[in-house]
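Lettering follows sequence order; numbering is per chain, from 1. Excluded from the calculations below are hydrogen atoms, water molecules and symmetry mates; all remaining heavy atoms, backbone and side chain alike, are included. Quick caveat, the model's predicted, so the values are computed rather than measured.
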Amino acid sequence: MVDEFNAPSVEAKWQKRWFDSDICSPEPEDGKKKFYLMFAYPGVSGYLHVGHMRGYTYSDVITRYKRMDGYNVLFPVGAHSSGNIAQAFSRKIERNIPGHIEILKANGCDDAQIERLKDPLEVVNFFSHIYINDYWKKFGFLATYDCFTTTIDPGYQRFIEWQFRKLDKAGMLFQKPYFGSACLNCGPVAVDASETDISQGGSAEKQEFTLLKFKLGDEIAVAGTLRPETVFGQTNFWINPDVEYVKARVGDETWILSSEAAQKLSFQKDDIEVTGRVAGRDLVGKTVIAPVVDREIPIFPSSFCDPDVGTGLVTSVPSDAPYDWIALVDLMNDPAECEKYGLDVEMVKAIKPIPIIRSKGYGENPAIEIIEKMGIQNQEDERLEEATKEIYKAGFHTGVMNDNCGEYAGMAVTLAKDKVKDMMLEKGLADVMYDLSEPVICRCGEKVIMKKIPDQWFIDYGDDNVTEISKAFVRDEMNILPPEYKDSMPATLDWFKERACARLGNWLGTKLPQDPRWIIEPISDSTLYSAYYIISPYINAGSIKEEQLNDEFFDFAFLGEGEPDALSTSTGIPVETLEKVRNDFDYWYPLDINLGGKEHMTVHFPVFLMNHAAILPENDWPRGIIVNWWISGKGGKLSKSKGGAQPIPDAARLFTVDGLRLYYSHIANPFVDVEWDEASVKNSRQIIKRIWNFAHELMEVNGKADNTLDTWLESRMSTHINDSRKAMDDFELREASNRIFFEIMSDFRWYARRGGANPEVTKKGMNAWIRMMAPFTPHIAEELWEKMGSQGFVSTSQFPEFGEFEIDNSILMAEDFIRDVQADITGILKMTGMTPTRICLYTAPAWKNKLFGMGLDILQNGRIDMGQLMKQAMAEPDMKQRSKEVSAFAGRIMKDAGKFSDADKDKAAMDFDEAEFLRSASSFLGKEFNCLVDVFLADEPGVYDPQNKRNGAFPFKPAIYIE
RNA sequence: GCAGGGAUACCCGAGCUUGGUCAAAGGGGCGAGGCUUAGGACCUCGUGGUUAGUCCUUCGUCGGUUCAAAUCCGACUCCCUGCACCA
């Protein structure tokens, strides 16, 4: 019995040997082809989970293959540490957020370490080491660890400063006002579902309210709306009688609005000052002049006006706003309420909705329709939100403005919305206010508001030139997977306009060189780092000092500008070092593959490409992108109860590293999300063990040579090598691993089952097999490689070449044939339920074989052509005799012949002697079915055939009679 | 809102770009047998319905193109995903 596969010790053994060798520190070699791959580095956000290892593992498998295919491979790793994640992490510890510390402890973090992690820099430092040592090295990644860098390293920051000066020179940096979310204590905060900065409101959206100005005597009542195009349908004005509004001076106007709105606007306007107050109830019953339509409309009371939404004042468009209509209905039905404010009920009842928009699926007044449809009774009904959204959606997408909308008549709502807004802004009838769709609370507990940033810095990704050259490059030069992403990339590049690239808060990152008050934000400092990886080993080793990294250095290293002698004088870097750096860059660049998760599709990958296009010459632009999807838990995140939440090193122990690597490679193609399913992972682990045991059995093989079977095994290996190579070259890891880990194994089994036992051929096959496994499951491959007595690392051996094995198509075909016969016999046995004592096989008569040969001939020259076959056949006297049979058989023959349409196969088929082959295989079949097996020719006179089965024989499908 | 993806047999998942060789790869699960009777390990066969190896009906729904469609076209229904200063 073989020793059990001791994964932990085998893993440790080979990892030590690899990392003690120089595999991971490649040097440029003249004349040797190179391959440069990186994965989008992870943000330092704490412990990672097994899902993250999927894409990283792809990277290692691909680069291992390339290395074995004769490439010099550069595969650097790094960590993204700028932005607020490290800080957010520290703050979570300080605030003792539930669950946070538990996760740390579960991952083996002790109290003292947790205490130290209150410092964001320690977070970066600590987790960088975890990523390298506990994840990537533990998984056996032959990455170029010398390159490791994080985005807050001083050298990296010099690089980013250089990059931003380059962007500036290219005219891609500019400033303009911007409205962003911010906390009054902490400055700018990100509002997003991950809620790194905030404690509540992650799903809030930025909303733009158009502020409509209504004349009310000398003052202006300001109503906020999300639908400026509906001003044509205004019938009245809503105010909450129970709210105290404020008067505020804005420029030379006096506005009436809620105090909350005035507060919000104070962060968005330079000159707003609250000057007084006015009770809502005091305004009820007055009239205002509605903008655009210039109509006098009455002010009515309502309870739905929320002072914290918009301005707390609302213009009423009952045709298209469910709230407005139901509030009117409420008021009509409540004479007492009218009385209270001195309103004439009849006047209220006289208000008629004004149809302004035709939407698909709705009549004149969509709001009324939907209220009736949903059975909404009054303005307190919570479903009004839903109704509003529904109408908004229908109106926005399908609506067309009515004839009563002036110059906008007939215009689609999507267009009219902005046109009407712009017109009002231009004429001074309206203003704009930004708000969040729901309350957002900062981590510090303060409310998050929308704030005007008058001089926000942007990168102009809308630059026509950069956009166009990037699009063309994607189309003509880049290898992007999946193909759908390649197809949509040009549209994404077009869509990408300006992007805010720096912030004023207290974040980790590089100061904007043009204005050091700003810190460059984390997307914008991670677009060109594949270039920095080339020089980071020098900085890590101390042969280039951070202070020597001036712009001239980067210009020389990355652009080849300047002279090394002069540069050496100005920087103090030796000329040889400078020349080596430049040579490295020349050799390794461009990047061949940037591999990253699907979250990068709309932001990182496009800006990554466009920065290259803007700064580097075209022959240094990236050649490829591979996007990988995620691993999730059932119905969402990975979790303790459903598995997959354990620390990565624990998973590696439990499932073995090779098991996990095989799982990632084989479970699905890279372009779908995968649910972490522990049964599947265990199965992958089992496969590793199975291969271990099976390989040991194969090593014991000690039989005789059998030319047919040996050649068959070799031929199969040839096929597998050819197809695996093709799959790997196309980055189809699933296809390749399926072949290597399942099909090759099953071929070895078949070989043994048929009686193959040649130790030389077996060892030769195993030698290739192990090399093919190596990119996927390097640890077991190395161990088996060593046991087989091979020298050196399998990791640095040559991936099998197509010519290593003999290939004989006729033998491949013959084995397929015997399997078909076996399957047919099994089928009959299953149907009849009999236990055979004798099996008789009858090969097809000569005339059928002849006709079959004709069919193959015709097929070789083109497509199936029944007419020609019949014509040709009838010319032969022996065929003519049995013309009826011939025509019946011809249709079938052409169909079967289709199987041999392959040029090699049809030749083999023509020369194949079925009877002889079956006779040689009869002892095998006899063993399989445990009975006597006889082979006859169907046209042999007087053959034993009690049930007259032999007439059913076809070429490659012998007739079968079973007793 | 902008952009994109998918619906395949008990389950997961190939295949669809280049229509025929697709009843539809490969796993898992389940069933039968073997091997072992030490740890649910391993091997073989089966797993739409039928019949001596055939034939029939299937690849979200409806319709179309074609001698021929899971594969091409149109419509529909239902799921999912990314992005919006999060990386």
Side-chain angles (χ1 to χ4, degrees), chain A residues 40-45 80-85 88 178 180-181 188-197 202 205-206 393 396-397 414 453 456-458 482-485 487-488 491-492 495-496 498-503 521-524 526 596-604 606 627 629-630 632 666-669 671-675 677 679-680 682-684 686-687 689-690 693-694 697 734-735 737-739 741-743 746 749 752-753 820-821 823-834 863-864 895-902 928 947 949 952 957-962:
Chain A
Y41 48 28
V44 180
S45 57
H80 191 245
S81 53
S82 35
N84 62 344
I85 32 177
Y178 181 75
S181 49
V189 294
V191 175
D192 64 79
S194 70
E195 299 194 342
T196 22
D197 292 353
E205 290 177 37
K206 178 177 169 179
K393 222 169 155 180
F396 185 77
H397 290 290
T414 43
I453 304 161
Q456 172 67 49
W457 287 88
F458 290 88
E484 299 80 45
Y485 182 51
D487 293 343
S488 66
T492 309
W495 164 83
F496 226 104
E498 68 231 14
R499 181 179 176 92
C501 65
R503 20 162 84 150
E521 63 86 36
I523 294 278
S524 304
S526 309
K598 64 177 178 179
E599 70 276 21
H600 298 303
M601 288 199 291
T602 41
V603 182
H604 169 67
V627 186
W629 266 236
W630 295 342
S632 62
H666 184 254
I667 185 66
N669 83 48
F671 320 123
V672 292
D673 285 325
V674 169
E675 274 181 13
D677 170 23
S680 301
K682 282 182 179 158
N683 190 253
S684 296
Q686 200 55 52
I687 304 252
K689 287 189 178 170
R690 203 178 298 171
N693 293 329
F694 186 59
E697 283 172 35
R734 182 172 208 265
E735 164 72 21
S737 58
N738 190 256
R739 201 163 267 288
F741 290 88
F742 296 90
E743 294 191 27
S746 103
R749 287 228 172 85
R753 192 169 160 194
D820 286 347
V821 172
D824 279 349
I825 296 171
T826 308
I828 296 169
L829 293 177
K830 183 198 155 208
M831 291 298 171
T832 57
M834 59 204 287
R863 293 212 36 96
I864 293 170
K895 191 176 163 232
D896 282 0
K899 287 184 192 170
F900 299 94
S901 58
D902 199 276
E928 289 284 311
Q947 286 190 11
K949 291 287 182 195
K957 198 164 179 66
I960 299 166
Y961 167 65
I962 300 174

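Counting any heavy atom pair closer than 4.0 Å across all strands shown, A:Glu484 reaches sugar-phosphate atoms only and no base atom. At a threshold of 4.0 angstrom between heavy atoms, the contacts of A:Trp630 are confined to the sugar-phosphate backbone, with no base atom among them. Residue A:Tyr961 is in base contact, counting any heavy-atom pair closer than 4.0 Å across all strands shown. Among the heavy atoms of the strands, none lies under 4.0 Å from A:Ala502. Within the 4.0 angstrom heavy-atom criterion, only backbone atoms of the sugar-phosphate kind lie near A:Ser488; the bases stay farther away.
For A:Trp629 and B:G5, the CH2 to C1' distance is 8 Å, given to the nearest whole Å. Computed from coordinates, the A:Asp487 CG to B:G82 C1' distance equals 17 Å when rounded to whole Å. Rounded to an integer number of Å, the gap from CE of A:Met601 to P of B:G5 is 10 Å. Taking atom NZ of A:Lys598 as the reference point, atom C1' of B:C86 lies 15 Å away to the nearest angstrom. For A:Glu928 and B:G34, the CD to P distance is 16 Å, given to the nearest whole Å. The interatomic distance linking A:Glu498 (CD) with B:A84 (P) rounds to 15 Å, in whole Å. Atom CG in A:Asp824 sits roughly 10 Å away from atom P in B:G53 (whole-Å rounding). Residue A:Phe671 contributes atom CZ, which lies 14 Å from atom C1' of B:G4 at whole-angstrom precision.
For B:C35 and B:U57, the C1' atoms lie 39 Å apart once the distance is rounded to whole Å. Atom C1' of B:A52 sits at a distance of 28 Å from the matching atom of B:C43, rounded to the whole Å. Here, B:A3 and B:A14 have their P atoms 27 Å apart, quoted to the whole Å. Across B:C56 and B:U8, the matching P atoms stand 26 Å from one another, rounded to whole Å. For the P atom pair drawn from B:G15 and B:U65, the interatomic distance equals 29 Å after rounding to whole Å. Taking atom P in both B:C12 and B:C76, the straight-line distance is 27 Å, to the nearest Å. Remark: the separation of the P atoms in B:G13 and B:C62 is 25 Å, to the nearest Å. B:U44 and B:G48 have their C1' atoms separated by 23 Å, given to the nearest Å.
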How does RNA chain B read in dot-bracket, base by base from 5' to 3', with Watson-Crick or G-U pairs under 3.5 Å and | used when the partner is on another strand? ((((((((.[[[..)....(.....]]]((((((.......))))))((.....))...[[[[[..)....]]]]])))))))....
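Contact annotation: A:Arg499 side-chain N/O to B:C83 OP1/OP2 distance is not under 4.0 Å. Look at A:Arg690 and you'll find a side-chain N or O under 4.0 angstrom from OP1 or OP2 of B:C42. Of the side-chain N and O atoms in A:Gln686, none sit less than 4.0 angstrom from OP1 or OP2 of B:G28. An OP1 or OP2 oxygen of B:G28 is reached within less than 4.0 angstrom by a side-chain nitrogen or oxygen of A:Asn683.
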Begin from the C-alpha positions of A:Tyr41 and A:Ser526 and carry the test side-chain hydrogen bond (donor to acceptor under 3.5 Å, both in side chains) through to its verdict. CA-CA 9 Å; A:Tyr41 48 28; A:Ser526 309; 2.9 Å; yes
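Atoms OG and NE2, on A:Ser524 and A:His604 in that order, are 12.0 Å from each other to the nearest 0.5 Å.
The backbone N or O of A:Trp629 sits nowhere less than 3.5 Å from a side-chain atom of A:Glu599 that would complete a donor-acceptor pair.
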Listing time: all N or O pairs from protein to nucleotides 12-17 of chain B that are below 3.5 Å?
unit_1, atom_1, unit_2, atom_2, d
B:G13, O2', A:Arg734, NH2, 3.0
B:A14, OP1, A:Asn669, ND2, 2.9

